[in-house]
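Each remark here refers to the structure printed beneath this line.
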Amino acid sequence: MRLNSPKLNIIYKACMKSAKSLIRDFGEIEKLQVSSKGPGDFVSSADKRTEKIIIDELLKAHPDYGILSEEAGEINKNNKDNRWIIDPIDGTTNFLNGIPHFAISIGYEEDNEIKCGIIFDPIKNELFFADKGNGAFLNNSRIRVSKKKNLEDSLLVTGGPKFSSKIKEKILKEYSDVSLEINAPIRKFGSAALDISYVACGRFDGYWQRELNYWDIAAGIIILKESGGFIEHFNKDDLNPIKRNIIASNDNIHKNLVGLIKKNIE
Ligand code: IPD
Ligand code: CA
Ligand code: CA
């Protein structure tokens, strides 16, 4: 595996260490699903356990680096020049229901730009990673976005709306607008980090989603870019830079997909 940058190596170590505990925890889920209490509390503790292992490893390597992580929030807040962006489990609902489709996502940001990152699916043993200027990989193979030319023949993926969303109707309208333009039904797999990785390796041709958080896609940004894909952030909220709306795809269908989504932008 070509993890030849020092930062990627640090992420890799943290990722592998936490994955061991995450896989063990996933093994417990099945048992808990049939218990009357259900797996809810257990999942939130699995989330925190995974996160703690990652953060401890990263801080061991660079005690002064900033961290933005979904559960723990911000650490070393003043260091905005070097930051790790972490989602310990992306795809929690899948995890909670014993569905083997979730990932650990860790990105490294320098001067407001993601420089490298890893998204690891511990169940399928798929490691997506990229380092700026050095391409994107899935395990030992270089990955590229698909070459699909027409939007109508594309396989797309999306997610949401969340239960708490205040723009559910808008999101559903967008979904139906896009559905009507393409032949294959749109997928919803429930892990933004894996959705974007799947675009990077050409399994999906495009992905869009509103109301994401930065940690859902931070590592995905560099993986997609290094695989030759395009990512567009739209309707940015300057007051809340963690919130993201994104469109990610290969360059052939990008313009048309953006056109469809932007029809709904006020
Ligand atoms: C969620 C997943 C899901 C997306 C949600 C995210 P979580 O992250 O990425 O695919 O639709 O918007 O919040 O909660 O599983 O870390
Ligand atoms: Ca997430
Ligand atoms: Ca999460």
Side-chain angles (χ1 to χ4, degrees), residues 14-15 18-19 21-23 25-26 29 39-55 67-74 84-107 109 114 117-124 126 128 156-168 170-172 174-175 178 186-200 203-204 206-221 223-224 231 233-235 237 240-248 261:
C15 202
S18 64
S21 136
L22 190 57
I23 292 166
D25 285 342
F26 188 62
I29 292 287
D41 290 347
F42 177 79
V43 170
S44 74
S45 59
D47 226 342
K48 294 203 175 79
R49 241 190 317 276
T50 314
E51 183 180 60
K52 184 172 182 323
I53 298 171
I54 298 170
I55 291 179
I67 287 179
L68 170 66
S69 187
E70 182 173 13
E71 310 298 324
E74 287 189 284
W84 309 106
I85 318 287
I86 306 165
D87 193 343
I89 309 178
D90 183 67
T92 331
T93 307
N94 287 341
F95 186 89
L96 175 72
N97 287 281
I99 298 169
H101 191 77
F102 52 87
I104 298 166
S105 172
I106 310 172
E109 185 199 66
I114 300 289
I118 289 184
I119 291 174
F120 182 50
D121 174 340
I123 304 300
K124 301 181 204 77
E126 290 194 325
F128 297 89
L156 304 182
V157 62
T158 188
K162 288 186 178 143
F163 180 67
S164 57
S165 173
K166 295 198 170 62
I167 53 162
K168 276 188 188 143
K170 188 193 190 109
I171 290 174
L172 293 171
E174 215 156 62
Y175 181 86
V178 179
I186 296 167
R187 266 51 179 166
K188 274 193 183 183
F189 279 12
S191 161
L194 290 176
D195 291 341
I196 201 166
S197 301
Y198 281 22
V199 177
R203 291 175 183 165
F204 294 132
Y207 165 57
W208 87 98
Q209 187 167 348
R210 287 178 186 268
E211 302 187 316
L212 289 166
N213 291 305
Y214 190 31
W215 48 78
D216 298 318
I217 50 146
I221 292 173
I223 294 171
L224 183 83
I231 182 155
H233 298 258
F234 63 98
N235 275 28
D237 182 353
N240 193 353
I242 287 176
K243 293 273 166 228
R244 304 285 167 120
N245 305 310
I246 64 154
I247 303 171
I261 310 290

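Heads up: numbering here begins at 1 and tracks the sequence. Counting starts at 1 for both ligands and their atoms, in listed order. These numbers come from the heavy atoms of this one structure, side chains and all, not from hydrogens, waters or symmetry mates.
- Looking only at distances, no side-chain donor or acceptor of K243 sits under 3.5 Å from a matching main-chain atom of D237.
- If you look at E70 and ask which of its N, O or S atoms sits nearest the Ca ion (ligand 3), the answer is OE1.
- Residue D216 touches ligand 1 through its side chain alone, judged by heavy-atom distances below 4.0 Å.
- Looking only at protein heavy atoms, the nearest one to atom 16 (O) of ligand 1 is I89 O, 3.1 Å.
- In this structure, CD1 in I104 is found 11.5 Å from CD1 in I119, a value given to the nearest 0.5 Å.
- Judged by distance alone, with hydrogens and angles left aside, the side-chain atoms of E71 form no donor-acceptor pair with the main-chain N or O of E51 at under 3.5 Å.
- The main-chain N or O of A200 is never found under 3.5 Å from a side-chain atom of R203 such that the two would form a donor-acceptor pair.
- A perpendicular orientation is assigned to the rings of F189 and Y198, their planes being inclined by more than 60° (bins at 30° and 60°).
- For a threshold of 3.5 Å applied to N or O pairs, the pair formed by L212 and ligand 1 contains no separation below that value.
- Restricting D216 to its N/O/S atoms, the shortest distance to the Ca ion (ligand 2) is reached by OD1.
- For atom 9 (O) of ligand 1, the nearest non-hydrogen atom of the protein is D90 OD1, 2.7 Å.
- With hydrogens and angles ignored, the 3.5 Å screen pairs no side-chain donor or acceptor of D121 with any backbone N or O of E126.
- In this structure a side-chain-to-backbone donor-acceptor pair under 3.5 Å is present from S191 to L194.
- No side-chain heavy atom of Y207 sits under 4.5 Å from any side-chain heavy atom of L224.
- D90 places a side-chain N or O within 3.5 Å of a backbone atom of A193 that can act as its donor or acceptor partner.
- The side chain of D87, and not its backbone, has at least one atom closer than 4.0 Å to an atom of ligand 1 (non-hydrogen atoms only; side chain from C-beta on).
- Between G190 and ligand 1, at least one N/O pair is under 3.5 Å apart.
- Looking at heavy atoms from C-beta onward, I55 lies out of side-chain contact with W84 at the 4.5 angstrom threshold.
- Residue-ligand proximity, K162 to ligand 1, at heavy-atom distances under 4.0 Å covers atoms 5 (C), 12 (O), 13 (O).
- Residue, atom and distance of the protein heavy atom nearest to atom 14 (O) of ligand 1 are T92 OG1, 3.4 Å.
- The aromatic rings of F26 and F95 lie tilted to each other, with the angle between the two planes from 30° to 60°.
- Looking from atom 11 (O) of ligand 1 to the surrounding protein, the closest heavy atom is Q209 NE2, 2.8 Å.
- Looking at ligand 1, you won't find any N or O of D195 less than 3.5 Å from one of its N or O atoms.
- Of all the N, O or S atoms in D90, the one closest to the Ca ion (ligand 2) is OD1.
- The only option from E211, K170, R210 that meets the side-chain hydrogen bond (donor to acceptor under 3.5 Å, both in side chains) definition with S165 turns out to be E211.
- For the ligand labelled ligand 1, residue E70 lies inside the 4.0 Å heavy-atom shell.
- At least one N/O/S atom of D87, from backbone or side chain, sits under 3.0 Å from the Ca ion (ligand 3).
- Looking at G159 next to ligand 1, no N or O pair under 3.5 Å apart turns up.
- Below 4.0 Å from some heavy atom of A192 lie the following atoms of ligand 1, by number and element: 2 (C), 9 (O), 10 (O).
- By the criterion of a heavy-atom distance under 4.0 Å, the backbone of S191, and not its side chain, is placed next to ligand 1.
- Inclusion of E211 in the set of residues having an N or O under 3.5 Å from an N or O of ligand 1 is not warranted.
- Under 3.0 Å from the Ca ion (ligand 3) lies no N/O/S atom of P88, from backbone or side chain alike.
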